[in-house]
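Along the sequence shown, the residues carry numbers beginning at 1.
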Amino acid sequence: MTQRLYFALLLCSALVLAATPARADKDAVQFGSSIVVPEGQSVHDAVCFFCSVTAKGDIDHDVVVFFGNVHIAHESKHDVVVFFGTVRAEDNAAIGHDVVNFFGSVRLGENVTVGNDLVVMFGGLHAAESANIQGSRVAQPPWIFWTPLLILILIIGVVVREIRASQRRRYLAAYGYPPMPPPPAPPVL
């Protein structure tokens, strides 16, 4: 038994030591702390959770943000994906491939170029007339998501209220109404 355990531990140790470590020399990954790319510098990928990305320099590949905002002042050479936040591209900025935003808004300045598709799901799209989107432009307004959700919540609320009222009526029919409190004592003079 000990010999099997020894060989299993030896095998696990060999696998751990032989694993290739991930390399992310020029990637910027943050959780809760914003990423700022200064002018004249670049990063490969920018991934941010609960924070924002401000890029005055270049982003060589993707930008992915959850619960934060993206501000592109110059160029992002691949995709920009944002969940629950805002994408803002300054005048003359360029985004190499796609812009995808869920539950947020996209603002494109003058002469902004998007190399492929622009998708805004359940948010707002504000693009200048001179913005150049080379692929498809898909924008679903927020009411398409929120209206059916609110109707469903109202229906559930009415059903729960009616079930509780029915249970209350059955309880009162079975046990009767509680006795009236005694009248207050007359004041003593």
For the residue pair [X] and [Y], what are the closest heavy atoms and their distance?
X	Y	result
Ala131	Gly109	CB-O, 4.2 Å
Ile35	Ala28	CD1-O, 3.5 Å
His97	Val114	O-CG1, 3.4 Å

**Fill in**
CZ (Phe50) and CZ (Phe31) are apart, to the nearest 0.5 Å, by 5.0 Å

**Message:** How long is the straight-line distance from CG of Asp91 back to CG of Asn111, given to the nearest 0.5 Å?
**Reply:** 7.0 Å

**Min side-chain heavy-atom separation Ser34-Ser52 under 4.5 Å** =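 Yes, at least one pair of side-chain atoms sits under 4.5 Å.
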
**Request:** Decide whether Val87 and Phe102 are clustered together by the hydrophobic rule: side chain heavy atoms of Ile, Leu, Val, Met, Phe, Trp, Tyr closer than 4.5 Å, transitively.
**Result:**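 Different clusters.
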
**Message:** Is there a path of hydrophobic side-chain contacts, each under 4.5 Å between heavy atoms, that joins Val99 and Val37?
**Reply:** yes

Residues 53-76 side chain polar contacts: donor-acceptor under 3.5 Å, at least two apart:
| from | atom 1 | to | atom 2 | distance (Å) |
| --- | --- | --- | --- | --- |
| Asp58 | OD1 | His74 | ND1 | 2.4 |
| His61 | ND1 | Asp45 | OD1 | 3.2 |
| Asp62 | OD1 | His78 | ND1 | 2.7 |
| Asp62 | OD1 | Asp79 | N | 3.2 |
| Asn69 | OD1 | Thr86 | N | 2.9 |
| His71 | NE2 | Arg88 | NH2 | 3.1 |
| His71 | NE2 | Glu90 | OE2 | 2.7 |

Do any side-chain atoms of residues 143-165 form donor-acceptor pairs under 3.5 angstrom with protein atoms, and if so which ones, sequence neighbours left out?
| from | atom 1 | to | atom 2 | distance (Å) |
| --- | --- | --- | --- | --- |
| Thr147 | OG1 | Trp143 | O | 2.9 |

Let me check something: any side-chain donor-acceptor pairs from residues 115-125 under 3.5 Å, sequence neighbours excluded? List them with distances.
| from | atom 1 | to | atom 2 | distance (Å) |
| --- | --- | --- | --- | --- |
| Asn116 | ND2 | Asp98 | OD1 | 3.3 |
| Asp117 | OD1 | Ser136 | N | 2.7 |

